[in-house]
Amino acid sequence: MITRFAPSPTGHLHIGGARTALFNYLLARNQGGQFILRIEDTDVQRSKDEYTGAILDALTWLGLTWDGQPVFQKARAGLHREYVQKLLDTGKAYWCHCPPEEIEAKRQEALARGGKPRYGGRCRELGLGPAPGAAVRFKCPHSQSVGWKDLIKGRIVIDSQELDDLVLLRADGFPTYNLAVVIDDLTMNITHIIRGDDHVSNTPRQILLYQALGVQVPQFGHVPMILGKDKSRLSKRHGATSVMAYKEMGYLPEALNNYLARLGWSHGDQEIFSLKEMVELFSLKQVGKAASVFNPDKLNWLNAHYIKETPLETLGQLIWPYLAARDLICPNPDYLIKVAATVRERGKTLAELADKAEFYFLSLPKIDSTEAQKLLTPDNLANLKELGLELAQNPGLTHEAFDSLIQNMAQKKNVRIGAIAQPLRLALTGRTASPGLFEIMEILGPDNIQKRLNAALEWTS
RNA sequence: GUCCCCAUCGUCUAGCCUGGUCCAGGACACCGGACUUUCACUUCGGCAACAGGGGUUCAAAUCCCCUUGGGGACGCCA
């Protein structure tokens, strides 16, 4: 078995492409086959090298390793032309001299009439030769039905009457997508073509091409589309679509892979899968036929899950770039591990975690003024001052001792524990929601605590 | 418009092929409770679906047909 992922470098790897790549990868690895990467760069205008690099980076980040070197389609144009010539020689293709504008006009006209916009086949039987501006078209066989047993959707049949004579070779001498894909899949011995649903209508054309060449037709499987919340095709207006954007937002590749796999594929009631496990369990039989809606909430849940599973040392290193981007300084590597331990269950993404951890690295926290007005009242400040004194006298306080200190104080002042704890939290972190007070104090250390306490005592809006 | 595909809780889905074990199971989200000095985590519980209509059958979420709804494609883009 040989599968392939064949993106065109006209943009970043998006969520849909990533899932297609994942399914190809899983299928190949599950069957002990090969997974090949082919860059479809025949659109010279829109293809960019930077996108090729970005796509490779994204696949690498996801851990979807491909076999061998990526194949560049443009470099194979000579091969494609050979096959076009072969089709020309056997009368399966012909030169077309029709001006593109004229064809386009007819197409629009047909569409406006409510008909099917197709090329009429003016040059089909004219026996024309090459000429400037001429293209080669496939002589699509008439009145025959083309069908295949789709690996995901089951039997699909289309009347060849629905198809027109597609262009194989453009006037600029470059092959078109449909020709190039067929020749490449054929010559690269691709056995299973797993691609997006939007290619279903290309499949009968391509099958006809395989047949015209007299070669075996590979297996096709079309994975359903990913939709946005409004059930329209997933696009930028639904939020981030590029894989690397998810990386930047602080999603883990494990989470994205897991989410994408579960979007369409299932294995009973199981929700959590490592990539290795997916490889073992994957089967196209368990891929659904219907399009599915991208649900960020569930991705978040998975991401939180994998964040919790990540070893603290690793997690610290993953969070650090987000902190470093804010020009913060890390006192020592151990500090980061301790910090990570206190925030890891409090956020869904690395970016969120970093945000919650920022106060640890600030020389003084940015105190929320709304909360300060509520909490830093004269009474509370008096308590805070007293608490500061106590803490200064007992720098090596145990967790238990700290708890009873606060409790006793609350009792003595006849206030709720929160009346003591919340102003302290605000002084230490600048916020009213944070990791546990004692955990924070352990990490901050006595000097830092006093400094923050003093700053809070002098706080003015 | 034409052709193709699809249809189970708000969302992802199990079940459908091989009808009865399903007054439909799990997960996310949501809503309550417990835990708790905050936020969160965890935990317990709850809400919530077989698109509609016809068949077939003793019996249909499961098989067939129609309707409706949704998606995709119709490029000298990929």
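Chain letters run A, B, ... following the sequence lines, proteins first and then strands; every chain starts at 1.
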A7(B) and U13(B): how far apart are their P atoms, nearest whole angstrom? 11 Å
Less than 6.0 angstrom from the centroid, inside 45 degrees of the normal: does R137(A) satisfy that with respect to the ring of Y119(A)? yes
State which of G15(B), U13(B), C77(B) makes the closest approach to the side chain of D43(A). C77(B)
Identify, with sequence neighbours excluded, every residue that meets salt bridge (Lys or Arg N to Asp or Glu O under 4.0 Å) alongside R195(A). none
Return each pair, listed once, that meets salt bridge (charged side-chain N to carboxylate O under 4.0 Å, His left out) where at least one residue sits in residues 400-412 of chain A; pairs must be two or more places apart or across chains. E386(A)-K412(A)
With side-chain hydrogen bond (donor to acceptor under 3.5 Å, both in side chains) as the criterion, how do R346(A) and S434(A) come out once you've worked through the C-alpha distance, each side chain's angles and the decisive distance to 0.1 Å? CA-CA 9 Å; R346(A) 288 166 221 272; S434(A) 79; over 6 Å; no
From the list A78(B), U38(B), A27(B), which nucleotide is the closest neighbour of the side chain of K298(A)? A27(B)
Can you measure D355(A) atom CG to A40(B) atom P for me and round it to whole angstrom units? 15 Å
Expressed in angstrom and rounded to an integer, what is the separation of R155(A) atom CZ from C5(B) atom P? 11 Å
Could you check how far CZ of R346(A) sits from C1' of U36(B), rounded to whole Å? 11 Å
Let me have a per-nucleotide readout for nucleotides 70-76 of chain B, 5' to 3', with B, S or -, counting only protein heavy atoms under 4.0 Å. -SSSBSB
For atom NZ of K374(A) and atom C1' of U38(B), their distance in whole Å: 13 Å
K149(A) NZ to C17(B) C1', straight-line distance once rounded to whole Å: 11 Å
More 5' along RNA chain B: I158(A) or K308(A), using each one's nearest nucleotide? I158(A)
With a non-hydrogen cut-off below 4.0 angstrom, is G436(A) in contact with a base, only sugar-phosphate, or nothing? base
As a test of understanding, state which of R118(A), R205(A), K116(A) forms a salt bridge (Lys or Arg N to Asp or Glu O under 4.0 Å) with D164(A). R205(A)
Span that lies between the C1' atom of U21(B) and that of G15(B), in whole angstrom: 12 Å
L299(A) CG to A27(B) P, in whole Å, measures 19 Å
Does any donor-acceptor pair link the side chain of R262(A) with the base of U13(B) at a separation under 3.5 Å? no
Phosphate OP1/OP2 of A40(B): any K348(A) side-chain N/O under 4.0 Å: no
C1' atom, A14(B) versus C50(B): distance in rounded Å? 13 Å
Please determine if a side-chain N or O atom of K289(A) lies less than 4.0 Å away from the OP1 or OP2 oxygen of C6(B). yes
Roughly how far apart, to the nearest Å, are A51(B) and U68(B) at atom C1'? 8 Å
Who does G45(B) pair with, Watson-Crick or G-U, both distances under 3.5 Å? C31(B)
If we call it a pair only when both distances are under 3.5 Å in a Watson-Crick or G-U wobble match, what pairs with C63(B)? G55(B)
Using a 4.0 Å heavy-atom cut-off, does N300(A) contact any base of the nucleic acid, only the sugar-phosphate backbone, or nothing at all? nothing
Any residue in residues 217-224 of chain A with a heavy atom nearer than 4.0 angstrom to RNA chain B? Just list them by number, or reply none. none
Below 3.5 Å, does any donor atom in the side chain of Q270(A) face an acceptor in the base of G26(B), or the other way round? no
Is S292(A) close enough to U11(B) that one of its side-chain N or O atoms is under 4.0 Å from OP1 or OP2 there? no
Please enumerate all residues that pass ring-ring contact (aromatic ring centres under 6.0 Å, His included) together with F23(A), with sequence neighbours excluded. F282(A)
Distance check, P atoms only: A29(B) and G19(B), in whole angstrom units. 37 Å
Could you check whether K86(A) makes a cation-pi contact with Y83(A), meaning its NZ or CZ is under 6.0 Å from the centre of the six-membered ring and within 45° of the ring axis? yes
On a whole-Å scale, what distance lies between the P atoms belonging to G10(B) and C16(B)? 23 Å
E371(A) and R431(A) ion-paired at < 4.0 Å: no
Would H12(A) and Y51(A) satisfy ring pair (Phe, Tyr, Trp, His ring centres under 6.0 Å), going step by step from the backbone distance to the final call? CA-CA 6 Å; H12(A) 290 93; Y51(A) 288 135; 5.3 Å; yes
Nearest-Å distance, CD (E345(A)) to C1' (U36(B))? 14 Å
Does U38(B) pair with anything, Watson-Crick or G-U wobble, both distances under 3.5 Å, and if so, with which nucleotide? none
Residues that K308(A) engages under salt bridge (Lys or Arg N to Asp or Glu O under 4.0 Å), provided they are two or more places apart: none
Could you tell me whether D41(A) and K48(A) have a side-chain N and a carboxylate O separated by less than 4.0 Å? no
For Q161(A) and C4(B), give me the distance from atom CD to atom C1', rounded to whole Å. 16 Å
Start with the C-alpha distance between K74(A) and E40(A), add both sets of side-chain angles, then the distance that settles salt bridge (charged side-chain N to carboxylate O under 4.0 Å, His left out), and finish with yes or no. CA-CA 7 Å; K74(A) 198 166 70 184; E40(A) 312 226 314; over 6 Å; no
Taking a pair as Watson-Crick or G-U wobble with both distances under 3.5 Å, which nucleotide is matched to A73(B)? U2(B)
